[in-house]
Amino acid sequence: RMEAGELMCVECGEEARTGEVQAIEDDTRVIAGWRLEKEMPVLSGEADLFLARSESGAGELGTVVLKYYRRGVEPDTDLYPALQKVNPDFAARLYDQGRHDGRAFEVWEYMEHGSLAEIDEDRKADPSFVLETLKELATALHGLERLGVRHRDLKPANIIAPTMDPFDLVVADFGTAQLGEFQLQMT
């Protein structure tokens, strides 16, 4: 029974997250060789996101983002071969993927500078910043298009800055992406 003010996901029935970064208290929490360090402050009906590190020989990757899909939510695994070929100048790198405890997971490159949504409003209002952003985004989308990847959920939160100086942007979060010809869909 839910109390007034409590939230839950209407897709999977799991309790809604608060939006705060939370340390993983159980230091034995490992998913397919990836030790979870912190839960990321992302509210999503699709998956939980964690900062993680490899327990095996992939330590040179440092911190990564582990996307752990909710029960009943399945990523399009047909995308994986194309996403693993994407030039890192265009998109976050997909390092690993698989299943753990009946749920799908993906391991992605972590970029500490955050997303376009997190950049200061004054900077986003600067015409030179807008022009540079459009150039970076056009380059990334062209690179994805050459592999047949259609993102389908392009928004500031899914445009990540690997570096701020020089300014660089890549596309992330391919949860709704598809392979194939361009299709205009109104949502």
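These values consider heavy atoms only, across backbone and side chains, with no hydrogens, waters or symmetry-generated copies. In this chain, residues are counted from 1 in sequence order.
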Shared ILVMFWY cluster between Val171 and Ile160, side chains joined below 4.5 angstrom?
no
With a 4.5 Å cut-off on side-chain heavy-atom distances among I, L, V, M, F, W and Y, is there a chain of contacts connecting Leu169 to Met164?
yes
According to a 4.5 Å side-chain heavy-atom criterion applied to Ile, Leu, Val, Met, Phe, Trp and Tyr, with indirect links allowed, do Leu134 and Phe90 form part of one hydrophobic cluster?
no
Work out which heavy atom in Pro162 is nearest to a heavy atom in Met111; give both atom names and the distance.
CG-SD, 3.5 Å
Say you draw a straight line from CG of Asp126 to CD1 of Ile119; how long is it, rounded to the nearest 0.5 Å?
11.5 Å
Calculate, to the nearest 0.5 Å, the distance between atoms CD and CG belonging to Glu39 and Asp48 respectively.
5.5 Å
With the threshold set at 4.0 Å, does a side-chain nitrogen-carboxylate oxygen contact exist between Glu37 and Arg53?
yes
Side chains of Phe167 and Thr163: does their closest heavy-atom pair fall under 4.5 Å?
no
List the residues meeting side-chain hydrogen bond (donor to acceptor under 3.5 Å, both in side chains) with Asp101, not counting sequence neighbours, and say none if there are none.
Arg71
Applying salt bridge (charged side-chain N to carboxylate O under 4.0 Å, His left out), which residue pairs with at least one partner in residues 110-124 are found, sequence neighbours left out?
Glu121-Lys124
List for me each residue that meets side chain to side chain contact (heavy atoms under 4.5 Å, CB included) alongside Thr77, sequence neighbours excluded, and say none if there are none.
Tyr80
hydrophobic_cluster_shared for Leu79 and Leu144, side chain cutoff 4.5 Å:
yes
Could you tell me whether a side-chain N or O of Ser44 sits under 3.5 Å from a main-chain N or O of Glu46, the two making a donor and an acceptor?
yes
Is Leu61 reachable from Ile31 through a run of hydrophobic residues whose side-chain heavy atoms are each under 4.5 Å from the next?
yes
Kindly determine whether Asp173 and Lys67 satisfy salt bridge (Lys or Arg N to Asp or Glu O under 4.0 Å), including the steps that lead there.
CA-CA 9 Å; Asp173 192 354; Lys67 183 174 187 175; 2.9 Å; yes
Mind running side-chain contact (heavy atoms from CB on, under 4.5 Å) on Val170 and Asp89 for me, showing each step along the way?
CA-CA 6 Å; Val170 298; Asp89 290 337; 5.7 Å; no
Rounded to the nearest 0.5 Å, what's the gap from CD on Glu136 to CG on Leu141? Could you check?
11.0 Å
Are Glu106 and Pro75 close enough that some pair of their side-chain heavy atoms sits under 4.5 Å apart?
yes
Hey, what do you get for OG1 (Thr63) to CZ (Phe50), rounding to the nearest 0.5 Å?
15.0 Å
Please report the closest heavy-atom contact between Ala82 and Val149, naming both atoms and the distance.
CB-CG2, 3.9 Å
Would you say Arg152's side chain and Thr176's backbone share a donor-acceptor pair under 3.5 angstrom?
yes
Side-chain polar contacts of residues 91-99 - donor-acceptor pairs under 3.5 angstrom, sequence neighbours left out - could you list them?
{"from": "Arg93", "atom 1": "NE", "to": "Glu109", "atom 2": "OE1", "distance (Å)": "3.3"}
{"from": "Arg93", "atom 1": "NH2", "to": "Glu109", "atom 2": "OE2", "distance (Å)": "2.8"}
{"from": "Asp96", "atom 1": "OD2", "to": "Trp34", "atom 2": "NE1", "distance (Å)": "2.8"}
{"from": "Arg99", "atom 1": "NH1", "to": "Glu74", "atom 2": "OE1", "distance (Å)": "2.8"}
{"from": "Arg99", "atom 1": "NH2", "to": "Glu74", "atom 2": "OE2", "distance (Å)": "3.2"}
{"from": "Arg99", "atom 1": "NH2", "to": "Gly102", "atom 2": "O", "distance (Å)": "3.0"}

Can you tell me if Asn158 uses its side chain to pair, donor with acceptor, with the backbone of Asp153 under 3.5 Å?
yes
Side-chain hydrophobic cluster, 4.5 Å single linkage: members besides Leu131:
none
Describe, in one word, how the ring planes of His100 and Tyr68 are oriented to each other, choosing from parallel (under 30°), tilted (30 to 60°) and perpendicular (over 60°).
tilted
Minimum heavy-atom separation for Tyr69 and Gly175, please, with both atom names.
OH-CA, 4.2 Å
Residues in salt bridge (charged side-chain N to carboxylate O under 4.0 Å, His left out) with Lys85, at least two apart?
none
Here the gap from Phe174 atom CZ to Leu179 atom CG, rounded to the nearest 0.5 Å, amounts to 11.0 Å
Run the numbers on Leu66 and Leu49 for side-chain contact (heavy atoms from CB on, under 4.5 Å), then give the verdict.
CA-CA 6 Å; Leu66 189 139; Leu49 296 180; over 6 Å; no
Any donor-acceptor pair under 3.5 Å from Arg29 side chain to Leu36 backbone
no
